[in-house]
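Reckoned from all heavy atoms, side chains included, excluding hydrogens, waters and symmetry mates. Model, not experiment: these values are computed from the prediction.
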Amino acid sequence: MKKKLFKIRPISKLIIYITVFLVFCGIISFICYDVILKMKSDKNTFVMNYTDNTSLTYKVCLHDNPYYLQECMDMDKVYPHSIINKIKYNISNHLKASKNMQVTYTYQVVANLISETKLRNNLQNELWNKEFILVPKTSKTITSNRIDIDQDFEIDYNYYEKLMEDYKHTFPVEMEAYLKIEYRLNLDNDKENIHEKQSLNSYIPMLKPIVKIKNSDPREVNRNIYADKSNIFNYSYLFVITSFLSIINILILIRCSRINIAVNLDAKVNKLLKLYEQSIIIVSELPSKNGLEVVDIKKFSDLIDLEQSLKIPIMFLNKSDELKVFAIFSDKYIYRLIITRRNVGIVI
C-alpha cells in the first residue's frame with residue numbers, strides 16, 4: 001500500500017541566518033558610527049586664539065558755505081544735504097593671532113543705491129538696486145600672526161543724489177532711497193580650520209533735506225580655534241568596516257546555506273527510508289547495467305508506483321553527501337531517481 005508522504009516544511013534555517021546576520025550588521029554599523037562621532041568630539045584640540053577688531057568710520061566734508069567753518073564734520077551728527085560734498089570713509093581691520101599662520105584674506109567695499117516703496121502690505125518693497133565697486137576685491141596670502149587693513153575711500157554724495165533724483169523723476173512714486181556701503185572680509189586657513197566672514201555697513205539717506213548716517217558699531221571678535229584631528233576616523237573608515245562585515249556575512253551565509261541544504265537533503269532522504277523501509281534496500285553499490293536501458297524518474301512518488309506494480313524493491317545508494325540514488329532493476333529497464341541538493345525540493 002502506498003504511504004502518504006507529507007510535505008510539511010519547517011521554517012528555513014537560511015531565512016533565520018539571513019535575518020540574524022542582517023540585524024548583526026546593522027548593529028555593528030550603528031556602533032561604528034557612534035564610536036566615530038565620539039572620537040571626533042574627543043579629538044578637538046586647541047590650536048590658537050585670535051582677536052579681530054574692525055571699525056568703519058567716516059567724516060562728512062562740506063561745500064563752501066557761510067554757516068559751517070570746518071571743512072569736514074565728525075560722524076554721528078546730522079547734516080543738511082545741500083552742503084554735503086563728499087563723505088570720507090576709513091576701514092580699520094586688525095587681526096592678531098596667538099601664533100603665526102598662513103592665511104588668505106580677501107576684502108572689498110561695495111555701494112548699493114537702493115529705492116524702496118510701501119505697498120498694501122505696508123512693508124518696504126525694493127524698486128531699484130544698483131551696485132558700485134568702491135574698493136576692488138583685494139586678496140593676499142601671508143604668513144604672520146597679524147593682519148592689518150587700513151583702507152580709505154570716499155563717496156561723492158552729489159553723484160549718487162543726482163542719480164536718485166533722475167530715477168525719481170522718471171518714476172514719480174513715493175519712495176525711500178538710501179546708499180548702502182558694505183565692507184566685506186573673508187579669512188581662510190584650511191589647515192587651522194579658520195573660515196571667517198565679516199561685514200560692516202553704513203546707510204546714507206538720499207532725497208532727504210537732513211541727512212543722518214546710520215553706521216555699524218565697531219566689532220570685536222575673540223575666538224579660540226580647535227583643530228579637528230579626528231579626520232583619520234572619517235566616514236570612509238565606517239564604509240570599509242561595514243563593507244568588510246558585509247563580505248564576511250555573505251561568506252557565512254553561503255556556507256550556512258550549503259550546510260542547510262545538505263542537512264535538508266539528508267533529513268528528507270532519511271524520512272523516505274523510514275517511511276518506505278519495507279520497500280527500500282540500502283546497498284553499498286548498485287548492480288552493473290548489463291545493457292539495460294536507463295529510465296530517469298522525475299518524482300519519488302512515481303518510483304513508489306513502479307515498485308508496487310513491478311513488485312521489485314527499490315535500491316538506495318548513498319553516493320555522497322550531495323548525491324543520493326534510488327533505482328529499480330527490472331528485466332529490461334533500470335528506473336533511476338537521482339536526488340541532489342538542487343532538486344530535492346522538486347522530486348520529493
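Atom CD1 of Ile314 and atom CG of Leu337 lie 9.0 Å apart (nearest 0.5 Å). Distance check, rounded to the nearest 0.5 Å: CD1 of Ile83 to SG of Cys61 gives 11.5 Å.
Counting heavy atoms from C-beta on, the side chains of Lys59 and Asn90 never come closer than 4.5 Å. Annotation: side chain of Asn53 is not in contact with side chain of Pro218 (no heavy-atom distance under 4.5 Å). Between Asn93 and Ile147 the shortest side-chain heavy-atom distance does not fall below 4.5 Å. Side chains of Asn318 and Ile282 form no contact here, defined as non-hydrogen atoms less than 4.5 Å apart.
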Practice problem: Step by step, work out the side chain to side chain contact (heavy atoms under 4.5 Å, CB included) result for Met315 and Val325. | Solution: CA-CA 8 Å; Met315 295 183 184; Val325 180; over 6 Å; no
Practice problem: Show your working on side chain to side chain donor-acceptor pair (under 3.5 Å) between Thr51 and Asn222 and close with a plain yes or no. | Solution: CA-CA 4 Å; Thr51 58; Asn222 191 314; 5.7 Å; no
Quiz item: When you look at Phe300 and Tyr276, which way does the ring-ring contact (aromatic ring centres under 6.0 Å, His included) test go after all the steps?
Solution: CA-CA 11 Å; Phe300 186 81; Tyr276 299 98; 5.6 Å; yes
Practice problem: Begin with the C-alpha distance, continue with both residues' side-chain angles, and end with the deciding distance and a verdict on side chain to side chain contact (heavy atoms under 4.5 Å, CB included) for Glu196 and Leu185. | Solution: CA-CA 8 Å; Glu196 287 290 328; Leu185 172 70; over 6 Å; no
Quiz item: Yes or no on side chain to side chain contact (heavy atoms under 4.5 Å, CB included) for Ile339 and Lys268, after CA distance, side-chain angles and deciding distance?
Solution: CA-CA 10 Å; Ile339 302 177; Lys268 289 178 181 296; over 6 Å; no
Practice problem: Could you walk me through whether Val60 and Tyr157 pass the side chain to side chain contact (heavy atoms under 4.5 Å, CB included) test, one step at a time? | Solution: CA-CA 9 Å; Val60 177; Tyr157 177 82; over 6 Å; no
Exercise. Could you please spell out the steps behind the side chain to side chain donor-acceptor pair (under 3.5 Å) verdict for Gln151 and Tyr183?
Key: CA-CA 10 Å; Gln151 179 73 53; Tyr183 166 66; over 6 Å; no
Self-check item: Worked check of side chain to side chain donor-acceptor pair (under 3.5 Å) between Tyr178 and Glu116
Solution: CA-CA 9 Å; Tyr178 56 91; Glu116 297 176 342; 3.1 Å; yes
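In this model, no donor atom of one side chain and acceptor atom of the other lie less than 3.5 Å apart for Asn125 and Lys118.
Ion pairing between a basic and an acidic side chain is recognised when a charged N comes within 4.0 Å of a carboxylate O; Arg219 and Asp52 show no such pairing. For the pair Lys208 and Glu176, the salt-bridge criterion is met [side-chain N within less than 4.0 Å of a carboxylate O].
Nearest approach of Ser115 to Tyr167, heavy atoms of both residues: OG-CE2, 3.4 Å. The two atoms that bring Ser202 and Ile213 nearest to each other are OG-CG2, 3.4 Å, heavy atoms only. Considering all non-hydrogen atoms of both residues, Leu163 and Trp128 come closest at O-CZ3, 4.5 Å. Closest heavy-atom contact between Met164 and Leu207: CG-CD1, 3.6 Å. Shown here for Asp76 and Lys212, the closest heavy-atom pair between the two residues is O-NZ, 4.5 Å. Smallest separation of non-hydrogen atoms from Ser330 and Tyr335: OG-CE1, 3.8 Å.
By the neighbour-count criterion of 12 heavy atoms within 6.0 Å, atom CG of Asp331 is sparsely surrounded, having that number or fewer from other residues, nucleotides or ligands. Counting non-hydrogen atoms of neighbouring residues, nucleotides and ligands closer than 6.0 angstrom, the CD atom of Glu174 reaches no more than 12 such neighbours. No more than 12 heavy atoms of other residues, nucleotides or ligands shown are found within 6.0 angstrom of NZ on Lys88. The number of heavy-atom neighbours closer than 6.0 Å to CD of Glu131, taken from other residues, nucleotides and ligands shown, is above 12. Within a 6.0 Å radius of CG in Asp296, other residues, nucleotides and ligands contribute more than 12 heavy atoms. Around atom CD of Glu285, no more than 12 heavy atoms belonging to other residues, nucleotides or ligands sit under 6.0 Å away. Around CD of Gln70, the count of heavy atoms belonging to other residues, nucleotides or ligands within 6.0 Å exceeds 12. Counting heavy atoms of neighbouring residues, nucleotides and ligands inside a 6.0 Å radius, atom CD1 of Ile210 exceeds 12 of them.
Judged purely by atom type and a 3.5 angstrom limit, Ser216 uses its side chain to pair as donor or acceptor with the backbone of Asn201. For the pair Lys311 (side chain) and Glu307 (backbone), a donor-acceptor distance under 3.5 Å is absent. Here the side chain of Asn145 pairs no donor or acceptor atom with the backbone of Ser98 at under 3.5 angstrom. The main-chain N or O of Lys197 is never found under 3.5 Å from a side-chain atom of Ser199 such that the two would form a donor-acceptor pair. With hydrogens and angles ignored, the 3.5 Å screen pairs a side-chain donor or acceptor of Asn65 with a backbone N or O of Tyr67.
Between Tyr105 and Tyr107, the angle of the ring planes stays under 30°, which puts this pair in the parallel group of the 30/60° scheme. Note: Tyr79 and Tyr58 have perpendicular aromatic rings, judged against thresholds of 30 and 60 degrees for the angle between ring planes.
Tyr68 and Val78 fall into different hydrophobic clusters, where Ile, Leu, Val, Met, Phe, Trp and Tyr residues are linked whenever their side-chain heavy atoms come under 4.5 Å apart, directly or through other members.
Aromatic ring centres of Tyr160 and Phe132: separated by under 6.0 Å.
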